[in-house]
Chemist: 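So that we are looking at the same thing, I have put the structure below in structure tokens.
Reckoned from all heavy atoms, side chains included, excluding hydrogens, waters and symmetry mates. Just so you know, residue 1 is the first one in the sequence shown, and it goes up from there. Both counts, for ligands and for their atoms, begin at 1 and track the order of listing.
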Amino acid sequence: MTSHERPIGVAVLGLGNVGSQVVRIIQDSADDLAARIGAPLVLRGVGVRRVADDRGVPVDMLTDNIEELVSRDDVDIVVELMGPVEPARKAILSALEQRKSVVTANKALMAVSTGELAQAAEHAHVDLYFEASVAGAIPVIRPLTQSLAGDTVLRVAGIVNGTTNYILSEMDSTGADYESALADASALGYAEADPTADVEGYDAAAKAAILASIAFHTRVTADDVYREGITKVTPADFASARALGCTIKLLAICERLTSDEGQQRISARVYPALVPLDHPLATVNGAFNAVFVEAEAAGQLMFYGQGAGGAPTASAVMGDVVMAARNRVQGGRGPRESRYAKLPISPIGFIPTRYYVNMNVTDQPGVLSAVAAEFAKREVSIAVVRQEEMVDDDGQRCGARIVVVTHQATDAALSETVAALADLDVVQRINSVLRMEGATNE
Ligand code: NAP
């Protein structure tokens, strides 16, 4: 240990799932951390709402005065683990203004205020790191920012929300419907009391914004991300998906699109999609996360692991803390926000995707050709059609179910087709519409 070095002081804001693990690692691994950093890493205080002597940290280390803790002269690095957007934003801005380096796991904040925070870090010449904000323990921000800095990232497709992945995996493996799989996830502590941010895709959209910003050197916020949740996915969709050799995953997709004229745009979107069973993302089950990256020179890369949980997330936080501390000891800074490319963000309507449409139709001749005609009118080519007879409770034929999978077409053409199908007399009901991603035959 290089004890002659001035210690690096750390303030941890938040002592919840992640904060308590970060505090534990700082205390338990003090010697190793000092050797890796080149100076001792010293915990100066922990910000909480409830100051009490039963919190596993000496009570004189705790404070509910965040501003005072952040402003201490002996604090060099502020680790924000309070969430949500406020009071985290105010505390981080204050820390940056006072030239403290900042580490945060706060995706909700990074997806809306990245510009403001990056600017404050730039102005103060300090580090702002947020590896843990996407996919918990999985290193993905640093590989995109540093390891792939000399390559051109084409696509990032991730399963970045453990709650929804658990629910969809349950539905797939047990045939459960959405409500009972959600109840299971809640009972096991995978879903919060209010699951909206997870099941409606807001959490994944925040992560998509962060990934797209870094991958494409363009500032992307959560509002730029097209978003659909998983609440409408049914057991019948899983049955159809399986018959087509697929499963269903909530994907966060960030993509670079090049027009025939060579103009580049980007897309960031979140929705449940059919994924072929032989795609690496199809095997990511339960609460695990994975991020699949395609880059021009590197080809395909897959990052897989625990996307949440106190200790896994603390691992990513501590990686950032060590980097920020080393920079303090050695002088200099890590990579800053890169947004030179300023690529336009494409609305969903222009995005080429494949659709899966599941509908109930009347049982009469000519139905299939009427349905196919609506696709043809909009130049949407059909890849697969499956038709099965439906019977009522008395075993009488009562119509048919048709499943259509298309080749790639623009999202606008596909949505127009679905709207036209819904208006056909022979179509009783559109049961569901999902996109298909990751198939080799586009
Ligand atoms: P948590 O368990 O709810 O803990 C939040 C902590 O922040 C608590 O200790 C709370 O104090 C403190 N806090 C909240 N508001 C405060 C305020 N106004 N003043 C002072 N202290 C305040 O949260 P978490 O699960 O550890 O998550 C922390 C952050 O990490 C969030 O941004 C989250 O999105 C992110 N993250 C979490 C995970 C995960 O698996 N949990 C994964 C990736 C990223 P009290 O204890 O006194 O109430």
Chemist: For residues Asp237 and Met171, determine if any side-chain heavy atom of one lies less than 4.5 Å from a side-chain heavy atom of the other.
Modeler: no
Chemist: Do Arg142 and Tyr129 meet the cation-pi criteria used here (NZ or CZ under 6.0 Å from the six-membered ring centre, within 45° of the axis)?
Modeler: yes
Chemist: Using the rule salt bridge (charged side-chain N to carboxylate O under 4.0 Å, His left out), only one of Lys100, Arg6, Arg44 pairs with Asp76; which is it?
Modeler: Arg6
Chemist: Any salt bridge between Asp54 and Arg50, counting N to O under 4.0 Å?
Modeler: yes
Chemist: Can you name the one residue among Thr231, Leu182, Leu250 that meets side-chain contact (heavy atoms from CB on, under 4.5 Å) with Ile167?
Modeler: Leu182
Chemist: Enumerate, one pair per line, all nitrogen or oxygen atoms of ligand 1 lying under 3.5 Å from a protein nitrogen or oxygen, stating the separation to 0.1 Å; write 'none' if no such pair exists.
Modeler:
| unit_1 | atom_1 | unit_2 | atom_2 | d |
| --- | --- | --- | --- | --- |
| ligand 1 | 2 (O) | Asn17 | N | 3.0 |
| ligand 1 | 2 (O) | Asn17 | ND2 | 3.3 |
| ligand 1 | 9 (O) | Leu15 | N | 2.8 |
| ligand 1 | 9 (O) | Gly16 | N | 3.2 |
| ligand 1 | 11 (O) | Arg49 | N | 3.3 |
| ligand 1 | 21 (N) | Arg49 | N | 3.3 |
| ligand 1 | 25 (O) | Asn17 | ND2 | 3.0 |
| ligand 1 | 26 (O) | Asn17 | N | 3.1 |
| ligand 1 | 26 (O) | Val18 | N | 2.9 |
| ligand 1 | 34 (O) | Lys107 | NZ | 3.3 |
| ligand 1 | 40 (O) | Gly309 | N | 2.7 |
| ligand 1 | 46 (O) | Arg55 | NH1 | 3.1 |
| ligand 1 | 46 (O) | Arg55 | NH2 | 2.6 |
| ligand 1 | 47 (O) | Arg49 | N | 2.9 |
| ligand 1 | 47 (O) | Arg50 | N | 2.8 |
| ligand 1 | 47 (O) | Arg55 | NH1 | 2.8 |
| ligand 1 | 48 (O) | Arg49 | NE | 3.1 |
| ligand 1 | 48 (O) | Arg49 | NH2 | 3.0 |

Chemist: Determine, for Tyr271 and Arg435, whether the Lys NZ or Arg CZ falls below 6.0 Å from the six-membered ring centre while staying within 45 degrees of the axis.
Modeler: yes
